[in-house]
Protein chains: 2
Amino acid sequence: MASAGEPSPASALGTLRIATVNVNGIRAAYKRGMAEWLAGRDIDILCLQEVRAPDKIVRELLGDDWHILHAEAEAKGRAGVAIASRQEPVAVREHIGEEYFATSGRWVEADFKVPVDGEEKLLTVVSAYVHSGEAGTPKQEDKYRFLDVMAARLPVLAATSDYALIVGDLNVGHTTLDIKNWKGNVKRAGFLPEERAYFDRFLGEEIGYVDVARKLAGEVAGPYTWWSWRGQAFDNDAGWRIDYHMATPGLAERAVHAVVDRAATYDARFSDHAPVVVDYQF
Amino acid sequence: MASAGEPSPASALGTLRIATVNVNGIRAAYKRGMAEWLAGRDIDILCLQEVRAPDKIVRELLGDDWHILHAEAEAKGRAGVAIASRQEPVAVREHIGEEYFATSGRWVEADFKVPVDGEEKLLTVVSAYVHSGEAGTPKQEDKYRFLDVMAARLPVLAATSDYALIVGDLNVGHTTLDIKNWKGNVKRAGFLPEERAYFDRFLGEEIGYVDVARKLAGEVAGPYTWWSWRGQAFDNDAGWRIDYHMATPGLAERAVHAVVDRAATYDARFSDHAPVVVDYQF
DNA sequence: CATGGTAAG
DNA sequence: CTTATCATG
């Protein structure tokens, strides 16, 4: 912070910490210690998926210190995405733009002003929750339909905002590094070749976003972000990396640190997903 | 027990301990310590209501040391009554006899042989679960219809068996002694004048059964057998006495001790109802 | 305020 | 294996 009496430079923002986590029911997450995690993390923009609660309850749980954008699903107790931010967004959009998904609670966009080299720039943050899908069922058709709309939306955001960031539970592992037991899952929703091809496009030359956590971690197995509740999946780290920060290149260059809060949640695992927390330097 | 080598007198049964409890889901009850209660109680005949589980699971939970008579409701997870006994019944009937209630899981009868003064006598035990009802709704009509059938069945059992005993969750408080806050409940199902009138008949000259726990406790408030989960009802003993042993007079005379296992379950309350345990001397 | 079944993950 | 909803108590 600039000291009192001196003019503050427009580029004084410093680090912007953005976190995403599928909470799998925010009420259950709070019962399991989500508030304690949040209190220790100093997050600027918190993106949530599978909120699964009425708006009133979400606001009660998060408290008054946040600006909250929350898109409920029409079906009670299903899906629901939110963006909670310390700074007030300058604009918000409550769904992905296609009528079919208007009340699905799977996509919200918030635009923030960020100062860069003395100029105000626009940062667009999306909290996304892609369908989990189920191979060979109508659920999988909905997933592909959503991914199609995403594929159309991503270039628009990249073109109209200075910095665009899609975070959330995208329910697809991109490469064999992203799933512990990938061989056993090539025919299962979440690692189907058709799904992975979408991510080749999102993260390749065609659309051009950057997988921030992968870029910062390098070509290693994981770090996973989801583990089944069943059996010993979590203890054995038999996980999937399906929660992402996908950033336009100019934003990805500003990412200085990425971490999956697995360790922090080992004793108080508040969801089957772990938060992915990234610091962006401005 | 008679010692080895000597002929055992036909009247050597001694005490027959009969317990009734609405378990409100036998799976939940076992998770909350029902097995520990049962192990410490030396019960001969255990009557259960609201079992709310498939027969296979009931048998797994109770174990192989019981003869089990179990009438499931057609609707999965609803109602369900059972009689578990150390002695094998000589006959069983799986419902109250009226077709409308045939698959409701609310009534089972078991006949046991008991030795009395050198003769084999017949003891009929019923585990009953009367509808909870709801004033002014079709549920209340079903409750009255069931009570009507009961009013017809009780004299038949009294006439055809040497000792008849109806135990279970009858979902009606008979007198003002039977509900802590009776004034606040005169218009609520469970203490409606029309319902109480049925119990005047069951327990009066017309039908002639005896309310065993009331007879042994005397004219005191309680002892209650059910407390709402809500608020501090249990801690404040704001309960209802709706679980009964209703015995024909000859059997009621053999009841030497009755207790509601509230204290025993204070630390491990395994249901919203407490067991009513009565010792009958033969 | 608890139960189990259900659809969904 | 967990979530929330639902009807029921």
Side-chain angles (χ1 to χ4, degrees), chain A residues 22-32 34 49-54 57-58 72-80 104-106 129-135 137-140 142-143 169 171 188-190 226-235 238 240 242-243 269-273, chain B residues 22-32 34 49-54 57-58 72-80 104-106 129-135 137-140 142-143 169-172 188-190 226-235 238 240 242-243 269-273:
Chain A
N22 175 319
V23 292
N24 192 23
I26 195 170
R27 282 170 285 201
Y30 265 73
K31 280 184 197 158
R32 292 164 171 269
M34 178 173 163
Q49 302 88 40
E50 277 206 275
V51 169
R52 301 180 69 177
I57 288 174
V58 173
E72 285 184 63
E74 192 168 39
K76 278 192 282 186
R78 302 278 166 77
S104 66
R106 293 183 177 273
Y129 175 44
V130 174
H131 305 65
S132 69
E134 186 178 337
T137 74
K139 292 180 190 179
Q140 195 63 24
D142 277 353
K143 185 174 188 174
D169 175 3
N171 263 320
R188 300 209 47 190
W226 175 81
W227 305 263
S228 170
W229 290 114
R230 297 169 220 198
Q232 304 309 111
F234 187 74
D235 291 340
W240 299 46
I242 55 180
D243 299 85
R269 191 185 173 199
F270 62 80
S271 170
D272 50 350
H273 295 251
Chain B
N22 175 319
V23 293
N24 191 24
I26 195 171
R27 284 170 284 201
Y30 265 72
K31 281 184 197 158
R32 292 164 170 270
M34 177 174 164
Q49 302 88 39
E50 276 207 275
V51 169
R52 302 180 66 178
I57 288 174
V58 173
E72 284 183 62
E74 193 168 38
K76 278 192 282 185
R78 301 278 165 79
S104 66
R106 293 184 176 274
Y129 174 45
V130 174
H131 306 66
S132 68
E134 187 179 337
T137 74
K139 292 180 189 178
Q140 194 63 22
D142 277 354
K143 184 174 189 174
D169 175 4
L170 306 186
N171 262 321
V172 174
R188 299 209 48 187
W226 175 82
W227 305 263
S228 169
W229 290 115
R230 295 170 223 199
Q232 305 307 113
F234 186 74
D235 291 340
W240 299 46
I242 55 179
D243 299 85
R269 191 185 173 198
F270 62 81
S271 170
D272 48 350
H273 295 250

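By convention in this document, chain letters (A, B, ...) are assigned in the order of the sequence lines, proteins followed by strands, and residues within each chain are numbered from 1.
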- Note on the structure: Counting primed atoms, P, OP1 and OP2 as sugar-phosphate and everything else as base, the B/S/- map of nucleotides 2-9 of chain C against protein heavy atoms under 4.0 Å is SBSSS-SB

- Note on the structure: Taken to the nearest whole Å, CH2/A/Trp226 to C1'/D/dC1 is 10 Å

- Message: Measuring from atom CG of B/Leu170 to atom CG of B/Asp243, what distance do you get when rounded to the nearest 0.5 angstrom?
- Response: 7.5 Å

- Query: Expressed in angstrom and rounded to an integer, what is the separation of A/His273 atom NE2 from D/dT3 atom C1'?
  - Reply: 11 Å

- Query: What closest approach, in Å, do A/Ser104 and A/Ala73 show between heavy atoms, and which atom pair accounts for it?
  - Reply: O-CB, 3.5 Å

- Note on the structure: Tightest non-hydrogen contact, residues B/Ala53 and B/Ile26, listed as CB-CG2, 3.8 Å

- Query: Taking all atoms of both residues into account, what is the closest heavy-atom pair of B/Ile57 and B/Arg27, and its distance?
  - Reply: CD1-NH1, 3.5 Å

- Task: May I have the distance from B/Lys143 (atom NZ) to D/dG9 (atom P), rounded to whole angstrom?
- Result: 10 Å

- What is the distance, rounded to the nearest whole Å, between atom CH2 of A/Trp227 and atom C1' of D/dT3? 18 Å

- Any donor-acceptor N/O pair, B/Lys143 side chain to B/Asn171 backbone, under 3.5 Å: yes

- Query: Counting distance only, does the side-chain N/O of B/Ser228 pair as donor-acceptor with the main-chain N or O of B/Ala233 below 3.5 Å?
  - Reply: no

- Task: Whole angstrom is fine here: how far is it from CD in B/Gln140 over to P in D/dG9?
- Result: 11 Å

